[in-house]
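Have a look at the structure below before the remarks.
Letters A, B, ... mirror the listed sequences (proteins, then strands); counts begin at 1.
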Amino acid sequence: MIDIKILREDLEGIREGLAKKKFECDLDRLLELDKQRREAVALAEEKRAAQKAANQAMAKLPKGSDEFQAKLKEMKVLAGEVKELESASKEVNEQWKSVLLTIPNVPHESVPVGKNETDNQQIDTWGDVDALVSEHAVAHYDIPWFEQKIDFPRGVKVTGAGFPFYVGDMARLVRALIQFFLNEAAAGGYEEVLAPLVVNEASATATGQLPDKEGQMYSDQNENLYLIPTAEVPVTNFFRDEILEEKELPVNRCAYTPCFRREAGSWGKEVRGLNRLHQFDKVELVKWVHPEKSYEELEGLRKDAESLLQKLELPYRVLLICSGDIGFPHAKQYDLEVWAGGQKRWLEVSSCSNFTDFQARRANIRFRPQGGKPEVVHTLNGSALAIPRVLAAILENNLQEDGRVRVPKVLQPLYGGEFIG
RNA sequence: GGAGGGGUGGCAGAGUGGCCGAAUGCGCCGGUCUUGAAAACCGGAGUGCCGCAAGGUACCGUGGGUUCGAAUCCCACCCCCUCCGCCA
């Protein structure tokens, strides 16, 4: 959530920043509630202080004395007033908090203003797309043996659409990708964690999935738990309600997890094959950093993700996401899109973002500056990488005339072979 | 799942209705002493909210309730431990 103190001081600045995003939010109502809240708190605390003082005087009177009895009558009235003022203060505080949770993060000044994804800026490319043009290139889902190795019909039978089985050497290739990504992350200084795949409401609220995006997550209504849409949720929440030492920062971690997304209402032709699934595997990088370093760290994070595509020899482009396409909790976001030569499309395989203090404030993750008061940290995360679309690109870009697919060199030792198909 | 026990400050651990934001010990920070260190002694130290400040207020697992007054009594929930059952 945003810093209410900054909002009080610079309403128009925040309003301007948020206007660039596509989310609806009512700053005037928030500010009005903030004012009401402060008044209500002051009133309740004043009355409460009077009650406490009177109570202390009363404790010294002999119980059952006339004086005590008279005082008691007075105190009952005061107690009623305190109760009333406190419940009023509590109520307005809850309203204030719930509105505050609907205010998105303010985009960084370097984020281009735009309406939607067509306004995203391509800031870099790597690799030669034209070199991959060949007549026999096909979409991965049109490779003749595709369904033998990535079995969608069986997935439909067992679960539903978007939950394929990976079979045989394809399962092994997926495992090789996971292993490769984790090895690279570890070499880059990210400590590996194996995280819960199910989280509670507080965790989902802290990272910004709730209260607004229930449609994205599978949930267990009985237990009030959610299947994670990304490792970002459990991993970021690792330090929820904790205070880190300044010298510990930055903390860098990586996690492999399956990810579960309902993708309600977004099923269509663009999403055949591996392009969009309800369950997919991903390695995620997460950083907790000093506020002054977060934009610098974002560049490093992006480079770490990019290096994976380079090592896999997959051409990609880097997009700086515009204000209209950027997510609710994000201050700045880069997407990496890999070239899929069969579909002749760019596929998003990574999103690297700086959330500044937005998630950390919701999650109450702080650090203690040298001898000072705790301050909110900044959090970042980036996919490194989402596996099905990387796999799609490998299948399409590396398809040979003989119908087999060449496995990228760096994966061969982990995969245990040179070809698949 | 059944039966019992328990959740108090960084940790350990007192506290069963007002004198408790909370004893004591350990650990931590600063100082005295010392050539230096240890020991000893002295002092300090939680987090949030309201307030320009002085200060006020909240927080003893969480949320309700009883009471003039709750860490302390009542209810619900969460979590941990022990035993039994079941299971990888």
Side-chain angles (χ1 to χ4, degrees), chain A residues 1-10 30-101 103 194 196-206 210-211 219-226 234 237-248 251 357-377:
Chain A
M1 62 199 168
I2 61 163
D3 186 345
I4 190 70
K5 285 176 199 136
I6 292 176
L7 182 69
R8 283 175 201 151
E9 284 162 19
D10 184 21
L30 179 63
L31 219 51
E32 175 57 28
L33 282 169
D34 185 51
K35 194 175 149 210
Q36 288 177 20
R37 169 179 153 272
R38 290 201 276 172
E39 285 166 4
V41 164
L43 280 176
E45 287 190 355
E46 205 178 307
K47 188 66 83 175
R48 173 71 178 145
Q51 186 192 32
K52 277 178 75 168
N55 265 328
Q56 259 162 37
M58 186 171 176
K60 290 181 182 119
L61 299 174
K63 270 187 198 137
S65 67
D66 289 351
E67 232 181 334
F68 187 92
Q69 290 303 333
K71 195 83 180 167
L72 188 65
K73 240 177 213 170
E74 244 174 77
M75 296 302 298
K76 284 192 182 187
V77 177
L78 190 52
E81 289 172 350
V82 167
K83 195 165 267 186
E84 218 164 278
L85 288 171
E86 280 185 346
S87 83
S89 149
K90 202 168 192 175
E91 193 183 320
V92 69
N93 190 56
E94 272 164 25
Q95 283 179 39
W96 172 81
K97 188 73 191 275
S98 74
V99 173
L100 189 55
L101 285 174
I103 310 293
L194 194 57
L197 306 182
V198 177
V199 295
N200 60 29
E201 208 175 334
S203 295
T205 303
L210 295 179
S219 62
D220 175 352
Q221 310 283 347
N222 293 324
E223 309 266 353
N224 242 313
L225 297 173
Y226 297 84
N237 274 281
F238 186 93
F239 290 119
R240 177 151 52 84
D241 293 320
E242 294 190 26
I243 300 175
L244 303 168
E245 290 303 317
E246 185 173 29
K247 59 176 184 286
E248 293 179 73
V251 178
D357 58 358
F358 188 83
Q359 292 182 329
R361 185 168 290 108
R362 286 177 164 233
N364 193 25
I365 303 171
R366 295 171 292 172
F367 73 98
R368 191 182 300 282
Q370 213 66 49
K373 285 269 173 193
E375 282 179 41
V376 177
V377 301

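Here G46(B) presents its C1' atom at 16 Å from CD of E242(A), a figure rounded to the nearest Å. When rounded to the nearest whole Å, the span between CD of Q56(A) and P of C19(B) equals 7 Å. For E91(A) and G63(B), the CD to C1' distance is 17 Å, given to the nearest whole Å. Look at CG on D34(A): it is 12 Å from C1' on C49(B), rounded to the nearest Å. If you measure from atom CD of E201(A) to atom P of C78(B), you get 14 Å, rounded to the nearest angstrom. Between the CE atom of M75(A) and the P atom of A70(B) there is a distance of 10 Å, rounded to whole Å. Taking atom NZ on K90(A) and atom P on U57(B), their separation rounds to 18 Å, with Å as the unit. Taking atom CD of E245(A) as the reference point, atom P of C28(B) lies 14 Å away to the nearest angstrom.
One C1' atom belongs to C20(B), the other to G69(B), and the distance between them is 13 Å to the nearest Å. G13(B) and U8(B) are spaced 9 Å apart, taking the P atom of each and rounding to whole Å. Rounded to a whole angstrom, the distance from the C1' atom of G6(B) to that of U72(B) is 16 Å. One P atom belongs to G65(B), the other to A71(B), and the distance between them is 15 Å to the nearest Å. Nucleotides C42(B) and C33(B) place their P atoms 16 Å apart, quoted to the nearest Å. The gap from the P atom of G18(B) to that of C74(B) amounts to 16 Å, rounded to the nearest Å. Between the C1' atoms of A12(B) and A22(B), the separation comes to 16 Å (whole Å). Separating the P atom of C77(B) from that of C29(B) is a span of 45 Å, rounded to the nearest Å.
Between the N200(A) side chain and the S203(A) main chain, a donor and an acceptor come within less than 3.5 Å of each other. Using a distance-only test at 3.5 Å, with no hydrogens or angles considered, no donor-acceptor pair links the side chain of R8(A) to the main chain of K35(A).
At C49(B), none of the side-chain N or O atoms of R38(A) fall inside 4.0 Å of OP1 or OP2 (strictly under the cut-off). Here K71(A) does not reach the OP1 or OP2 of C68(B): none of its side-chain N or O atoms lies under 4.0 Å away. In this structure, R8(A) reaches the C50(B) phosphate: one of its side-chain N or O atoms is under 4.0 Å from OP1 or OP2. The side chain of Q51(A) places an N or O atom within less than 4.0 Å of a non-bridging phosphate oxygen (OP1 or OP2) of G69(B). Distances shown here put a side-chain N or O of R366(A) below 4.0 Å from the OP1 or OP2 atom of G48(B). Under 4.0 angstrom from either OP1 or OP2 of U47(B) there lies at least one side-chain N or O belonging to R368(A). For the OP1/OP2 pair of C50(B) and a distance below 4.0 Å, the side-chain nitrogens and oxygens of K35(A) include no atom meeting the criterion. At least one side-chain nitrogen or oxygen of R37(A) sits closer than 4.0 Å to the OP1 or OP2 atom of C50(B).
The side chain of P374(A) sits closest to U47(B) out of G18(B), G56(B), U47(B). When the nucleotides G69(B), U47(B), C50(B) are ranked by their closest atom to the side chain of V41(A), C50(B) comes out on top.
When both distances must be under 3.5 Å, the Watson-Crick or G-U wobble mate of C28(B) is G44(B). The partner of G1(B) is C84(B), by the rule that a Watson-Crick or G-U pair needs both atom distances under 3.5 Å. Shown here, A71(B) forms no base pair; nothing in the strands shown gives a Watson-Crick or G-U wobble contact with both key distances under 3.5 Å.
Counting any heavy atom pair closer than 4.0 Å across all strands shown, K83(A) reaches sugar-phosphate atoms only and no base atom. Using a 4.0 Å heavy-atom criterion, one finds that K52(A) contacts the sugar-phosphate atoms exclusively.
You'll find the side chain of L30(A) reaches within 4.5 Å of the side chain of I4(A), heavy atoms only. Contact check for N93(A) versus V41(A): no side-chain heavy atoms found under the 4.5 Å cut-off. Here the side chains of M1(A) and I103(A) are not in contact, with every heavy-atom distance at 4.5 Å or above. Between V377(A) and F239(A), every side-chain heavy-atom pair lies at or beyond the 4.5 Å cut-off.
A donor-acceptor contact under 3.5 Å is formed by the side chain of E45(A) with the base of G56(B).
Tested against K47(A) for a side-chain hydrogen bond (donor to acceptor under 3.5 Å, both in side chains), the candidates E81(A), E86(A), E84(A) yield a single pass: E81(A).
Side-chain atoms of Q51(A) and R48(A) include a donor-acceptor pair closer than 3.5 Å.
Comparing M58(A) and A42(A) against RNA chain B, the residue whose closest nucleotide sits nearer the 5' end is A42(A). For K373(A) and K76(A), each mapped to the nucleotide of RNA chain B holding its nearest heavy atom, the one lying further toward the 5' end belongs to K373(A).
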